[in-house]
Amino acid sequence: MSKSILCLCLLSFFLQHSASGQTDSELAYCDFSHLKPGRFGDFVTKGFPEYQYIARQFTDGWEIVNNRGLEEWKVLDTDGKHSLAYLGFNVSVWTNEFTYPILCYGDPLWSNYNLEVSLTPLSRKDLNGVIFRYQDGRHYYLFGLDKGDRVTLRYRDGEKGFRLDGWHEIASVKMATDSSASINMRVELKGNQIRCLIDGKEIFNVSDNKYSSGKIGLFATSPVAFHEVKVMSPSKEKEAFLSLRTAKEKETEELRHNNPKPLLWKKISTKGFGVARAMRLGDLDGDGRLDFLLVQNMPFFGDNYNQITCLTAIDNDGKMLWQSGTPDPEHAWVSYDVAAQIYDIDGDGKNEVVIAQGKWIKVLDGQTGRVKARYPVPSSEILPEEKSWLEYSHYYRRDLLPYLNVDCISFADLRGTGKAQDVIIKDRHTRLWAYTNKFELLWTASANLGHFPTFYDSNKDGKEEVYIGYSKFDPSGKLIWSLDSLMGEHADGICAGDFSLTGGPERVFIGGSDDGVLFLDGSGRILKHDLVGHAQTPSAGNFRPDIPGLEFCNINFWGEPGLISLYNCSGEKITSFELIHAGSPVMPVNWRGDGTEFIFLSPNTVEGGLVDGWGRRVVMFPNDGHPDLCWMAHDMTGDPRDELIVWDTESIWIYTQDNPFKGARIYAPIRPPLYNESNYSPIVSWPAWMSVQDH
């Protein structure tokens with residue numbers, strides 16, 4: 001190039017930027033050179049993140065958005081240059097799947113920026129490309145290379161379902177690419193204007209206002225290698241972003257400052273006999289304080305059956321009360337419910353431990369662990385008219401296990417005695433049995449049962465109806481309604497009641513796994529159905545005091561895991577937000593005692609904390625070495641405010657508030673009884689207040 005031409009180019013560049021009064025500043029740059037060749041990141045599956053927090057490692061700030069295609073992301077070294085490649089095929093082959101392999105990066109406040117990505121489309125058999133203005137795993141723009149040599153610009157809103165739909169194409173053109181050659185894809189964003197280029201050639205220049213800000217990302221459904229990612233922004237835009245980020249951080253700090261901080265109250269060692277999400281609370285020694293029952297178990301037949309191998313009872317201070325069985329750290333993990341509860345089943349005023357173990361249901365003395373009674377479990381025989389088991393035949397090995405493997409135990413008042421003196425047991429998904437507290441059979445039923453029942457006296461006759469899976473049974477076992485013929489999956493959680501708190505009609509809220517979230521009336525009619533993803537372990541509480549009634553909180557486990565959706569008492573979606581790409585349990589926490597409840601995300605010091613109904617982390621845990629595998633919230637000190645109980649297989653830590661409550665009355669919500677604890681039971685927090693002088 002001659003000096004004169006070079007001078008003209010430099011002058012043109014200078015005039016262009018002087019006219020705008022801005023120069024570009026770098027927001028992010030990545031060429032994957034810091035990544036070790038091999039598997040990208042680390043996603044540990046042991047410990048089962050459906051119920052527990054599992055530490056994940058992301059490199060160079062990239063986040064794995066979903067749990068599809070984890071093994072297919074690889075860091076490659078080609079002639080000394082690294083690239084991040086996706087080496088799988090997803091959409092065309094797996095047409096029934098419901099999520100996409102996506103990595104995201106950056107800040108949700110990024111607004112006007114230029115994204116530039118160099119990549120090699122190793123295959124054009126399916127959709128690959130770059131994401132911009134990413135909101136969450138269901139909401140973003142995509143500039144992509146589609147099959148059939150199409151280039152597409154589209155956005156996804158995920159509002160019409162989750163089985164690979166929710167797409168809205170803005171524009172498309174035909175354009176072939178060389179699968180062995182690198183190309184440069186560039187997106188320029190300024191307000192509503194979206195300009196897309198490939199190798200410097202303008203492909204699209206459109207106006208669209210669906211999303212105004214968000215992260216960037218990489219999208220892959222067939223083999224593709226990403227080489228370099230650059231995000232630039234005009235200096236003034238970067239300054240505006242940094243100013244907004246500072247303001248948001250200041251707002252968050254003020255919120256945290258105004259909330260009590262977690263103060264370590266108690267630390268208990270459980271090394272050698274500890275458990276993951278298989279712990280029960282209850283007064284075992286009769287001193288009026290809550291004790292701990294740790295349930296170790298052994299899975300077999302592919303984790304679909306389990307047998308309790310060791311029970312360890314410790315008091316409120318960690319002193320061992322008794323132990324039944326031989327502890328084994330290998331039996332600490334759980335990927336299902338465990339059939340164990342603490343309850344006064346015989347009505348003598350003292351709690352028993354009720355478990356299913358092998359061929360027997362056993363009632364143990366809560367103080368000593370001595371067997372007080374035992375009853376045979378039912379036969380696993382399939383009745384001729386039963387159909388519900390067919391879909392879940394992979395859960396059943398009746399050829400190898402002739403007796404029922406009890407999936408869970410729960411207690412209800414089916415006979416109108418005024419106490420929950422009746423017992424419900426079930427198998428994995430298809431059949432339940434109702435007994436008296438002396439294990440006299442009342443009735444049995446077959447349906448698509450899901451995981452764990454809930455009980456509610458809907459007609460106020462003193463007897464509780466049974467809500468389980470997609471069905472409702474009356475206290476005598478008669479089926480009132482069922483959605484089994486309409487739904488394709490099983491329900492992970494169900495709850496019922498007057499969530500409006502106004503004496504209104506019965507409503508039923510269901511987290512239906514792959515069927516999403518359902519909101520029903522008392523007759524089982526579907527009022528709202530949100531195909532939000534794999535809806536998991538819903539809860540209800542007063543998360544938004546500015547909205548009448550209780551709010552429902554759902555988190556996705558599959559299908560954009562970690563996406564939290566809030567609904568009002570009529571089933572209308574209030575908001576959704578994504579703070580972590582994992583779908584472990586969310587539960588209400590009465591932390592302040594003033595009537596506002598928070599959502600317990602996890603005890604992790606970075607990704608966890610307590611979240612308010614606007615999606616802001618308002619309480620964080622101290623970085624003091626505490627376990628963060630499992631968690632629950634419950635009043636342990638006598639103050640109606642919740643303590644935060646966190647544990648792993650070696651210790652239990654309990655946090656309380658760092659300041660006393662001030663006020664004339666304190667919030668004391670009514671929660672599900674501890675004797676119906678489950679990994680799948682929705683926690684409904686019914687409002688109640690107490691005079692400070694009364695506690």
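Every value quoted in this text rests on a predicted model; they were computed, and no experiment measured them. The figures that follow rest on heavy atoms only: side chains count, while hydrogens, waters and symmetry mates do not.
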Handout entry: Residue pairs, two or more places apart or on separate chains, that pass salt bridge (charged side-chain N to carboxylate O under 4.0 Å, His left out) and touch residues 273-301
Key = Arg277-Glu677, Asp287-Arg289, Arg289-Asp317

Handout entry: salt bridge (charged side-chain N to carboxylate O under 4.0 Å, His left out) pairs, two or more places apart, involving residues 413-424
Key = Arg415-Asp422

What residues, two or more places apart in sequence or in another chain, satisfy side chain to side chain donor-acceptor pair (under 3.5 Å) together with [X]?
X      : result
Asp365 : Thr368
Asp648 : none
Asp498 : Ser500
Lys426 : Asp407

Shortest non-hydrogen separation from [X] to [Y] and the atoms involved:
X      : Y      : value
Pro299 : Tyr336 : CB-OH, 3.2 Å
Ser539 : Pro588 : CB-CD, 3.7 Å
Leu414 : Pro475 : O-CB, 3.3 Å
Asp628 : Tyr53  : O-CB, 3.2 Å
Pro627 : Val646 : O-CG2, 3.5 Å
Ile494 : Gly469 : CD1-O, 3.6 Å

Handout entry: Asp639/Thr637 under side-chain hydrogen bond (donor to acceptor under 3.5 Å, both in side chains): CA gap, chis, key distance, verdict
Key = CA-CA 6 Å; Asp639 178 339; Thr637 65; 5.3 Å; no

Considering only heavy atoms from C-beta outward, does the side chain of [X] approach that of [Y] to under 4.5 Å?
X      : Y      : value
Arg431 : Leu404 : no
Thr649 : Trp333 : yes
Glu551 : Asn542 : yes
His331 : Asn297 : no
His451 : His429 : yes
Ser410 : Phe455 : yes
Cys553 : Ile564 : yes
Leu644 : Trp591 : yes

Practice task
Scan Asn437, Val423, Ile424 and name whichever one has a side-chain contact (heavy atoms from CB on, under 4.5 Å) with Phe411.
Solution key: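 Among Asn437, Val423, Ile424, the one meeting side-chain contact (heavy atoms from CB on, under 4.5 Å) with Phe411 is Val423.
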
Donor-acceptor pair, side chain of [X] and main chain of [Y], under 3.5 angstrom:
X      : Y      : value
Glu352 : Ile345 : yes
Tyr470 : Gly512 : yes
Trp322 : Gly366 : yes
Tyr667 : Arg641 : no
Asp530 : Leu518 : no
Glu465 : Ser458 : yes
Gln296 : Pro327 : no
Asp484 : Asn448 : yes
Asp642 : Asn590 : yes
Lys528 : Lys573 : no

For the atom pair [atom1] ([X]) and [atom2] ([Y]), what is the distance rounded to the nearest 0.5 Å?
X      : Y      : atom1 : atom2 : result
Ile526 : Leu483 : CD1   : CG    : 5.0 Å
Asp337 : Arg428 : CG    : CZ    : 8.5 Å
Asn556 : His534 : CG    : NE2   : 8.5 Å
Met487 : Glu489 : CE    : CD    : 11.0 Å
Ile308 : Ser324 : CD1   : OG    : 9.5 Å

According to side chain to side chain contact (heavy atoms under 4.5 Å, CB included), who are the partners of [X], at least two apart in sequence or on a separate chain?
X      : answer
Leu479 : Ser471, Phe473, Ser482
Asp521 : Arg507, Ser523, Arg525, Leu527
Ser576 : Asp136, Leu563, Ser565
Gln307 : Phe300, Gln357, Tyr403

Practice task
Dump the intermediate steps for side-chain contact (heavy atoms from CB on, under 4.5 Å) on Phe452 and Asn676, then the final yes or no.
Solution key: CA-CA 9 Å; Phe452 198 83; Asn676 280 339; 4.2 Å; yes

Exercise for the section: Applying ring pair (Phe, Tyr, Trp, His ring centres under 6.0 Å), name anything that partners Tyr435, two or more places apart in sequence or on another chain. Expected result: Phe439

Handout entry: Phe499: partners by ring pair (Phe, Tyr, Trp, His ring centres under 6.0 Å), with sequence neighbours left out
Key = Phe552, Trp686

Exercise for the section: Would you sort out whether Leu432 and Trp443 count as a side-chain contact (heavy atoms from CB on, under 4.5 Å), showing the intermediate values? Expected result: CA-CA 9 Å; Leu432 66 87; Trp443 49 272; 3.2 Å; yes

Exercise for the section: Evaluate the side-chain contact (heavy atoms from CB on, under 4.5 Å) criterion for residues Phe509 and Thr454: first the C-alpha distance (whole Å), next the side-chain angles of each, then the deciding distance (0.1 Å), finally the verdict. Expected result: CA-CA 11 Å; Phe509 185 77; Thr454 193; over 6 Å; no

Practice task
Under the side-chain hydrogen bond (donor to acceptor under 3.5 Å, both in side chains) rule, what do Arg671 and Ser685 come out as? Steps first, then yes or no, please.
Solution key: CA-CA 5 Å; Arg671 304 271 176 72; Ser685 192; 2.8 Å; yes

Exercise for the section: Step by step, work out the side-chain contact (heavy atoms from CB on, under 4.5 Å) result for Trp631 and Ser602. Expected result: CA-CA 7 Å; Trp631 59 96; Ser602 87; 3.8 Å; yes

Practice task
Just do the side-chain hydrogen bond (donor to acceptor under 3.5 Å, both in side chains) check on His490 and Asp492 with the steps written out, would you?
Solution key: CA-CA 6 Å; His490 63 263; Asp492 274 347; 3.3 Å; yes

